[in-house]
Amino acid sequence: MTPEDETDALLDALGRGEMPDPGDPAVRLLAVLRDDVTQRRSSVSMTPST
């Protein structure tokens, strides 16, 4: 598996809400960022302002 394939697999797993290697600091950081973005997106109103 190439490094690019490993990165793609990691990002796919994180996108599904999985944490493939919780001991990896980079994986933990990406998971926290994903959760933050998800929280921010859910709090944004999709109603257009007039």
Side-chain angles (χ1 to χ4, degrees):
M1 184 178 280
T2 68
E4 291 82 7
D5 291 338
E6 290 178 12
T7 300
D8 288 345
L10 170 64
L11 294 176
D12 288 343
L14 287 171
R16 292 188 302 270
E18 301 169 5
M19 189 177 293
D21 183 5
D24 185 336
V27 171
R28 288 195 316 265
L29 175 62
L30 287 171
V32 168
L33 290 172
R34 179 205 60 215
D35 293 343
D36 185 56
V37 168
T38 301
Q39 181 180 4
R40 289 175 189 263
R41 287 180 64 198
S42 67
S43 68
V44 172
S45 173
M46 297 305 285
T47 306
S49 60
T50 57

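Keep in mind that this is a model prediction, so the values were computed, not measured.
Between Ala31 and Met19, the shortest heavy-atom contact is CB-CE, 3.3 Å.
With sequence neighbours left out, the side-chain hydrogen bond (donor to acceptor under 3.5 Å, both in side chains) criterion links Glu18 to Arg16.
From Asp5, atom CG reaches atom CG of Asp12 across 10.5 Å, with rounding to the nearest 0.5 Å.
Checking each of Leu11, Leu14, Leu29 against Arg34 for a side chain to side chain contact (heavy atoms under 4.5 Å, CB included) leaves exactly one that passes, namely Leu14.
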Practice item. Tell me, with the steps shown, if Asp24 and Leu10 meet side-chain contact (heavy atoms from CB on, under 4.5 Å). Key: CA-CA 11 Å; Asp24 185 336; Leu10 170 64; over 6 Å; no
